[in-house]
Amino acid sequence: MDYMDSGLRYTPKSDKDWDTSVQFLPASDNKKLEKKKGPGKVGAVIGVVIFAAVIALMTGLLVWHFHFRKDVRLKKMYSGSMRITNQVFEDAYENSNSSEFKALAKQVTTQLKSIYSKSPQLSKYYVGSTVQAFSEGSVIAYYLSEFKVPTSQEASVDKAMSSMEKLVDKERRNTFRPGNSLVVEDVISSELDPRLFSASYRSLFKYSEHTKTNRIGQIQSPGFPNSPYTPNTFMQWQLRAEPSYVIKLEFDTMNLEENCKNDFLRIYDSLVAIESRVMEEMCGYYSPSEPLTFLSSGNVMLVTMATNDKKNYPGFRAKVSQIRRGSKGTTCGGQLTGEKGTFTSPNFPNYYPPRISCEWTIKVPAGKAVKVTFRKFLLSEPGQENTKDCRKDYVEVNGKKLCGEELDGSLTETSNTNTMSVLFRSDNSYVDRGFNASYEAIDIKDPCPKQFQCRNQRCVKTDLRCDGWNDCGDMSDELGCKCNPKDISCKNGLCKPQFWKCDGVDDCGDLTDELDCGGCKSGQITCKNEKCVSEKNRCDGTDNCGDGSDELDCGRSTDISCTDLTYKCKNDKCISKVNPECDGTQDCEDGSDEENCDCGRSMFKTSRIVGGQDSEEGEFPWQVSLHVKGFGHVCGGSVINQRWLVTAAHCVQDDGRTRFSQPGTWEANLGLHTQGTLGSTVKKNLKQVIPHPNYNTYTYDNDIALMELDSPVTYSDYIRPICLPASQHDFPMGNTVWITGWGATREGGFAAKVLQKAQVRIINQKVCDDLMGGQITSRMLCAGVLSGGVDACQGDSGGPLSSPSGTRMFLAGVVSWGDGCARRNKPGIYTRVTKFRGWIKEKTGV
């Protein structure tokens, strides 16, 4: 029985199977219908009418019974496994064509029928079963069972199938069981994912791989790497290892369509697709730098892949090997002693195996206490992301269960004695990356020497207390504070950085930071020019604001007057939609808003990075590292097409020693992730350097420059352009954007080796101007770092301020001056790119 087609057909019910609950009407009294003596025309007419009515009723009832009352039945497939304890595994059981396989399979299907017969809900709708495979232990049988179930009975059948163990017990107690019956236990069953037996699949491929010691096998999607995988296809790979070994599945390529509803790959800790044994579902494109390695709990594993009829991609390739059970990566737990140390979940930072349980006992010197800090903590499952009851995978410390995702280093636990027990358990389905933890001996009386102790036992620097940032993770460092005069004093007692004032985001939680912002009254809207007009004037076809901002985003695409705020199409017609470019919807009649949109996207699936500021390789493929030849990294830049880069004008100003304005001084490193490591880097020389003619070296006004490469660069997964915004593109205050760089400036400082990223928020222009002493011009944009604890330089002069819009990133700004490295409590000043869109177009054609 294949997933797509069970091969078993439903036989229509015989007459004796009609629904006995249906009652036919009793026959009419014939005497009342007999013709009376004499003419009696009225009586005859009445008789005919009554007879016709009865016939109509009978006909209607029969039509209703045979047509409308007909059961609508659904095909339901259940996959499962059972352990046969009175059989010994034979090598012939691996071959489904062998006589041994067929003989045992027949016994299993007979036994399944007997088990289902013990349930009235199942026996009525059971069609048949097929055995898919056998594996060791004594013998484990993997099967598929088919049922044809009335829609009204689906829930009862699901419930009955979930009680398979009880049915097995009933069948086992049957006094009339044949003497050669199989003895079974550990019976599991779950409904098969309907996507795995859809009749729409045109092709089916089945493969098997049996690993051996010191041998690495390989599985891959059909056609890989020379052609895309086939459409409308279902594929499965049954993987086996020797007894006493587990399977290691290691992907080196994973490139499927982004949406898992279309194309997907699933991994099972089983030889059949049992939903309660699924380890992971994947789609999209994963960076090769992201580890995708899985371990089975036993010596079998199943990989399935399904594709629809559209958008086929390269596919996947993976290595298959076996690891002896009990070796490194498959076990965990034990005794930990000493002043400090580390421990991790098995196979970290790869996926831990399912069905694992381990315990660490930590013991530090007498008189001390144990403090455990989870530096990475990733224990999350689909549907369990926001739950705290930890019914699935969890870590238990001091009797408290921990699960989900936690920020880097924010999860800590402390004991009251010099010993601590840490328990880790994973269930049958869905695995995650796990955790990386450290422990240390601390003084019970003074657990955070010269530091502030958070309520969650975390220690933070004393000067981080009452600074407006949630450094503890539980806000305990920000409670009961007296605010610095430079900070916002919230009415609820919290302190917040001044640059969050009047940005439209309630940072205080009581709107204190959004008071006295000069906004309009209730019932009015604030125009871009800060004029107040009635809400009734919005989208009424009249420019009440005077700058046209009350007529933006009104859904009209024709007869719109062009202003500085409206988007102008190539045909010189304007549309009222805000930021229409490259949003996937054609708004201009000539389609020009969706032209040149191969930009602003990372090719890789967005990785889940918790804590830390290292970017993933290929996450910001437009980022450039500009090196001075013979010196190294000096400034950042952004790729805007195959020939042109954008950077800051102050990066290319000559000084007494170096002619930064000359193209021969520079070498552009595109696709670079780690300084000093080539990897996917492409090095390019420059043809010309064009600083903005109105750049002011004293005020940093007009701080933007262009660089032309000496030859076009070829795009790759690691080198792609960022989208340039239209001059009318709106980057509202309060919006979250990204700054990236290696953290070095020409003025000095230590460079980060790996490309860093920091999340920042656009700051109110007036507030920023006040903070910076009136130095902000209309060609500048301010942004401040979002999270606390950022005390290292996260940005880089000339680098991009990347603003997400839909699935793309737009170049909102160029790192310019001030504390442009996104330092804590200091706003960064960026060149506002929209003000220079015309100049960029004139010089580059982009």
Side-chain angles (χ1 to χ4, degrees), residues 1-7 75 77 79 94-97 130 132-133 142 144 146 192-211 216-240 247 249-275 277-288 290 292-294 300-321 598 601 603-605 715-717 807:
M1 183 187 299
D2 295 333
Y3 293 138
M4 286 73 71
D5 184 1
S6 69
K75 174 180 175 180
M77 302 287 290
S79 55
E94 278 195 37
N95 181 5
S96 60
N97 293 318
T130 58
Q132 298 289 297
Y142 303 90
L144 284 171
E146 181 181 350
L192 187 69
D193 187 330
R195 294 178 297 174
L196 302 188
F197 64 95
S198 169
S200 65
Y201 292 124
R202 206 162 46 225
S203 306
L204 166 68
F205 297 104
K206 290 185 177 181
Y207 308 93
S208 60
E209 177 77 23
H210 194 138
T211 66
I216 298 178
Q218 182 173 286
I219 63 172
Q220 61 190 38
S221 52
F224 185 91
N226 299 317
S227 59
Y229 49 74
T230 50
N232 273 334
T233 302
F234 179 80
M235 296 145 273
Q236 68 170 24
W237 293 261
Q238 287 186 339
L239 311 179
R240 298 173 184 267
I247 292 172
L249 180 66
E250 187 175 9
F251 290 89
D252 62 52
T253 305
M254 171 62 66
N255 189 353
L256 274 63
E257 191 175 348
E258 286 182 34
N259 191 341
C260 287
K261 291 181 179 177
N262 299 330
D263 302 340
F264 63 90
L265 184 143
R266 283 187 142 212
I267 305 168
Y268 295 87
D269 191 43
S270 167
L271 275 181
V272 71
I274 304 173
E275 286 306 295
R277 293 286 190 268
V278 62
M279 293 168 64
E280 188 62 287
E281 177 172 301
M282 293 184 288
C283 59
Y285 190 10
Y286 288 79
S287 168
E290 181 172 354
L292 288 174
T293 302
F294 298 86
V300 297
M301 187 184 281
L302 180 75
V303 178
T304 64
M305 180 176 167
T307 68
N308 67 357
D309 59 352
K310 297 175 183 175
K311 294 185 180 178
N312 296 309
Y313 285 69
F316 79 91
R317 181 173 60 199
K319 296 173 185 174
V320 182
S321 58
D598 183 20
R601 297 186 72 180
M603 298 303 291
F604 298 120
K605 194 179 183 77
Y715 291 154
S716 69
D717 294 338
T807 59

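Side-chain atoms are counted along with the backbone in the values below, which use heavy atoms only and exclude waters and symmetry mates. Residue numbers start at 1 and run along the sequence shown. Computed from a predicted model, the values in this text were never measured in an experiment.
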A.B. asks: Only pairs at least two apart or in different chains count here, so list each salt bridge (Lys or Arg N to Asp or Glu O under 4.0 Å) that has a residue in residues 222-240.
C.D. replies: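 Output for this query lists E94-R240.
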
A.B. asks: Any side-chain heavy-atom pair from Y313 and S221 closer than 4.5 angstrom?
C.D. replies: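 Not in contact.
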
A.B. asks: Nearest heavy-atom pair of E258 and C283: which atoms, and what distance?
C.D. replies: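 Closest heavy-atom pair between E258 and C283: O-SG, 3.1 Å.
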
A.B. asks: Provide the closest heavy-atom pair for I219 versus V303 in the form atom of the first, atom of the second, distance.
C.D. replies: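 Residues I219 and V303, closest heavy atoms: CD1-CG2, 4.1 Å.
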
A.B. asks: Give a yes or no on whether a salt bridge exists between R277 and D269, defined as a side-chain N under 4.0 angstrom from a carboxylate O.
C.D. replies: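 Looking at R277 and D269, the cut-off is not met.
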
A.B. asks: Does a side-chain heavy-atom distance below 4.5 Å link L144 with Q132?
C.D. replies: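 Result yes, sub-4.5 Å side-chain heavy-atom pair found.
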
A.B. asks: Suppose we screen for ring pair (Phe, Tyr, Trp, His ring centres under 6.0 Å). Which residues come up paired with Y286, at least two apart in sequence or across chains?
C.D. replies: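 Y286 satisfies ring pair (Phe, Tyr, Trp, His ring centres under 6.0 Å) with no residue once adjacent residues are dropped.
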
A.B. asks: Anything under 30° is parallel, anything over 60° is perpendicular, the rest tilted; go ahead and classify W237 against F316.
C.D. replies: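 Because their plane-to-plane angle is over 60°, the rings of W237 and F316 count as perpendicular.
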
A.B. asks: Between S79 (side chain only) and A273 (backbone N and O only), is there a donor and an acceptor less than 3.5 Å apart?
C.D. replies: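 At least one qualifying donor-acceptor pair exists.
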
A.B. asks: How far does OH of Y229 sit from CG of L265, to the nearest 0.5 angstrom?
C.D. replies: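 Answer for the OH-CG pair, Y229 versus L265, is 10.0 Å.
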
A.B. asks: Within this structure, what is the NZ-OG distance for the pair K206 and S96, rounded to the nearest 0.5 Å?
C.D. replies: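 Going from the NZ atom of K206 to the OG atom of S96 covers 7.5 Å.
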
A.B. asks: Can you check whether F205 reaches T230 side chain to side chain, under 4.5 Å on heavy atoms?
C.D. replies: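 Answer yes - side chains close enough.
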
A.B. asks: Between Y142 and L302, is the side-chain contact (heavy atoms from CB on, under 4.5 Å) condition met? List the steps.
C.D. replies: CA-CA 12 Å; Y142 303 90; L302 180 75; over 6 Å; no

A.B. asks: Measure the OG-CD distance between S321 and Q218 for me, rounded to the nearest 0.5 Å.
C.D. replies: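 The CD atom of Q218 is 12.0 Å from OG of S321, to the nearest 0.5 Å.
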
A.B. asks: CD of E281 to OG1 of T304: how many Å apart, nearest 0.5 Å?
C.D. replies: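 These two atoms lie 8.5 Å from each other.
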
A.B. asks: Let me confirm one number: the CD-CG distance from E209 to L249, rounded to the nearest 0.5 Å.
C.D. replies: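 So the gap between those two atoms works out to 10.5 Å.
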
A.B. asks: Measuring only between side-chain heavy atoms, which start at C-beta, is M282 closer than 4.5 Å to I267?
C.D. replies: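 Result yes, sub-4.5 Å side-chain heavy-atom pair found.
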
A.B. asks: Evaluate the side-chain proximity of I247 to V320: yes if any heavy-atom separation is below 4.5 Å, no if none is.
C.D. replies: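 Side-chain contact under 4.5 Å: yes.
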
A.B. asks: Taking C-beta and beyond as the side chain, do N262 and L256 meet within less than 4.5 Å on heavy atoms?
C.D. replies: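 No. Closest side-chain heavy atoms not under 4.5 Å.
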
A.B. asks: With the side chain counted from C-beta on, respond yes when N308 and E257 share a heavy-atom pair under 4.5 Å apart, and no when they do not.
C.D. replies: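 The answer is yes, as the side chains (C-beta and beyond) meet within the 4.5 Å cut-off.
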
A.B. asks: For T307 and Y201, work out which heavy atoms get closest and say how close.
C.D. replies: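 T307 and Y201 have their closest heavy atoms at O-CE2, 3.4 Å.
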
A.B. asks: Are the side chain of T233 and the backbone of L204 linked by a donor-acceptor contact shorter than 3.5 Å?
C.D. replies: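 Flag not set: sc T233 to bb L204 has no pair under 3.5 Å.
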
A.B. asks: Do NZ/NE/NH1/NH2 and the carboxylate oxygens of E275 and R266 come within less than 4.0 Å?
C.D. replies: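 Answer for the salt bridge query: yes.
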
A.B. asks: Under the ring pair (Phe, Tyr, Trp, His ring centres under 6.0 Å) test, which residues partner F294, sequence neighbours left out?
C.D. replies: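 Listed in chain order: Y351.
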
A.B. asks: Would you name the heavy atoms of G315 and F224 that are closest together and state the gap between them?
C.D. replies: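 That would be C-CD1, 4.2 Å.
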
A.B. asks: Identify the two heavy atoms, one from D263 and one from K310, that lie closest to each other, and give their separation to 0.1 Å.
C.D. replies: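 Answer, listing the atom of D263 first, then K310: OD2-O, 4.1 Å.
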
A.B. asks: If I compare all heavy atoms of F234 with all of A306, which pair ends up nearest, and what's the gap?
C.D. replies: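 Heavy-atom minimum between the residues: CD1-CB, 4.1 Å.
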
A.B. asks: Could you check whether Y715 and D598, counting side-chain N and O atoms only, form a donor-acceptor pair closer than 3.5 Å?
C.D. replies: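 Looking only at side-chain atoms, Y715 and D598 do not form any donor-acceptor pair under 3.5 Å.
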
A.B. asks: Rounded to the nearest 0.5 Å, how far does CE of M603 lie from CG of D717?
C.D. replies: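 Going from CG on D717 over to CE on M603, the span is 6.0 Å.
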
